Amino acid sequence: MRRAGWLQLLKQTIAVLESWEGRWPPAEADEPDTRAEDALRALMARLTDNFPFGHPSYAGQMLKPPHPVAWVAYAATMLINPNNHALDGGPATARMELEVIRGLGTALGFWETAGLGHLTSSGTMANLEALWVARQIHPGRKIAFGSNAHYSHGRCCDLLGVQSVEVAADGFGRMDLLRLQEALDQHDVGTLVVTLGTTSLGALDPLSDIIAMTQRRGVRVHVDAAYGGFFALLAGLKPPLVASEPFEALLRADSMVVDPHKHGLQPYGCGAVLFRDASVGRLYGHESPYTYFTSDDLHLGQISLECSRAGAAAAALWATMRAIPFEPDRGLGPMLAAGRQAALEWHAAMAQSEVLKPLLRPETDILCFAPLPGVQTTSELSARSEALFEAAMRNPKKAVYLAKLRLRRSQAESHWPGLKWDTDDLVVLRSVLMKPEHHAWWPRFMNLLEVLAKDLWGATPQ
Ligand SMILES: *Cc1c(COP(=O)(O)O)cnc(C)c1O
């Protein structure tokens, strides 16, 4: 990976910082010594024990490298180390945070006029906060989420002391509307969590139909779009490259979460929560006399459950959004489109393969599949998936790094009806095609996996 140009830019950025520091009398600073060198050398040795997350051959979990603009911005800002908890701690970066929040909500079609929101350290914290607000608004009422929702929602409800209701998903991994109807009829549901871009399959819950059901019952809707939120850009293309109805319905949801550290080109430590109604700010009811004494402006710490947060995270996102606009047909849109196309094309090719079979047509950029042909039972298919997963990583020059996914019978049965279930669940392979390079790389992955499968099990009987 070529970084020379970006390192040059980092040096220039730091030079500007140093000239700003020159306003004050020179201060003592540590110089590198051998202990520092040793420590860093030891660190580098330890860090080689990683998968090559940034390389195109890595298509396993939801991991992609931050854009170089983000890391230069983060590294330079971190030298100042502002704290976005309070305007005194990070005046410039707190204002940047307000700007990026406004811009994110607009780019993803969540609002036309900004409500309230802020960055968080993660999607989990962002969801916890959205559910905490939901509980304050509907005290004593339950929170419902899909069986396809991120596992942290159940935990968040535990933490908040709120009773939860799980709504089953259909065979496509989306919230089942009949089951939702039952849940709404049988329970006093105050808030429903809808997922756009499920963590396992990348599925999109039918938000538009869901809101039609919840609205007349006064149920609050929170959209967990931690992974899939940025695909709203592709819903805005003509013709759209993902289902557009769920994303168009974002404009009618009460709150949403999106993770810039997943598809927004940021390093970890960057989630976001957005609320349509800015008056939820009153629920925080927080007054901290020690931190808020030089400004009348809103302090982010007054509307956030977390206190100290990296101003550098806001700076990195702010710089990234300037350099790579979050728009459908330029900047981030075409990057997402490349991964989406990779998933669609690979799915179509795999449907014809004699060695691999897709589970279902991807709704975003996550493709699940298994070496199904010639296999009779779920135990055998799981064993083959595990073996192919391991074999695919063995030779770095010819590797494809995948993930494994454990499916329940209800999730897989309708797609592969010939399979005999001699186990409770089934292991399949999962590929997250998040990088633009994956559009050029998927044929190589397919070829590598087909060759490996033939080596492992011989020509598959047809
Ligand atoms: C990743 C993810 C989360 C959790 O976000 P973190 O940033 O990992 O804490 C929540 N919901 C969904 C749908 C996700 O994909």
Side-chain angles (χ1 to χ4, degrees), residues 53 59-66 70 104 108 110 117-132 134 143-160 164 166-167 169 172-175 191-207 210 221-232 242 246-247 250 253 255-274 304-306 309-310 313-314 316-317 336 339-340 343 362-368 403 405-406 411 430-434:
F53 302 121
Q61 306 285 358
M62 292 169 167
L63 284 154
K64 74 175 181 182
L104 266 182
L108 305 185
F110 177 68
H118 61 85
L119 298 179
T120 59
S121 58
S122 70
T124 305
M125 284 308 300
N127 278 318
L128 177 63
E129 188 152 337
L131 296 188
W132 172 74
I143 293 179
F145 49 81
S147 61
N148 59 352
H150 194 265
Y151 69 90
S152 56
H153 288 286
R155 238 188 237 170
C156 287
C157 289
D158 270 356
L159 270 171
L160 295 168
S164 62
E166 192 173 295
V167 181
F172 296 94
R174 305 172 189 143
M175 184 176 284
T191 302
L192 175 67
V193 178
V194 179
T195 308
L196 290 189
T198 58
T199 316
S200 54
L201 302 174
L204 305 172
D205 282 345
L207 181 61
I210 290 170
V221 171
H222 168 62
V223 179
D224 180 1
Y227 186 71
F230 287 103
F231 285 90
V242 292
F247 291 103
L250 270 178
S255 56
M256 81 173 282
V257 159
V258 65
D259 263 356
H261 69 203
K262 279 190 181 144
H263 253 311
L265 310 170
Q266 300 309 296
Y268 284 116
C270 194
V273 60
L274 312 182
S304 163
L305 288 184
E306 291 174 273
R309 284 184 300 106
L317 181 56
L336 294 171
R340 168 68 179 146
E363 287 197 89
T364 50
D365 56 2
I366 301 177
L367 182 62
C368 294
L405 176 65
R406 196 169 285 279
Q411 294 175 289
R430 171 169 163 272
S431 181
V432 180
L433 299 159
M434 288 182 93

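We count residues from 1, following the sequence as given. Both ligands and their constituent atoms are indexed starting at 1 by order of listing. Just so it is clear, the structure is predicted and the values come from calculations on it, not from any experiment.
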In the structure I gave you, are the side-chain heavy atoms of K64 and K262 within less than 4.5 Å of one another anywhere? no
Qualifying residue, where the test is side chain to side chain contact (heavy atoms under 4.5 Å, CB included) with V194 and the options are L207, L250, L204: L207
For the residue pair T191 and H222, confirm or rule out a side-chain donor-acceptor distance under 3.5 Å. no
Counterpart residues, side chain to side chain donor-acceptor pair (under 3.5 Å), relative to T198 (two or more places apart): none
Taken to the nearest 0.5 Å, the spacing of T195 OG1 from L201 CG works out to 11.5 Å
Sorted by chain and residue number, the residues having a heavy atom closer than 4.0 Å to an atom of ligand 1 are S122, G123, T124, N127, H150, T195, G197, T199, D224, A226, Y227, D259, H261, K262
Can you tell me how far apart CG (L104) and CG (L317) are? Round to the nearest 0.5 Å. 5.5 Å
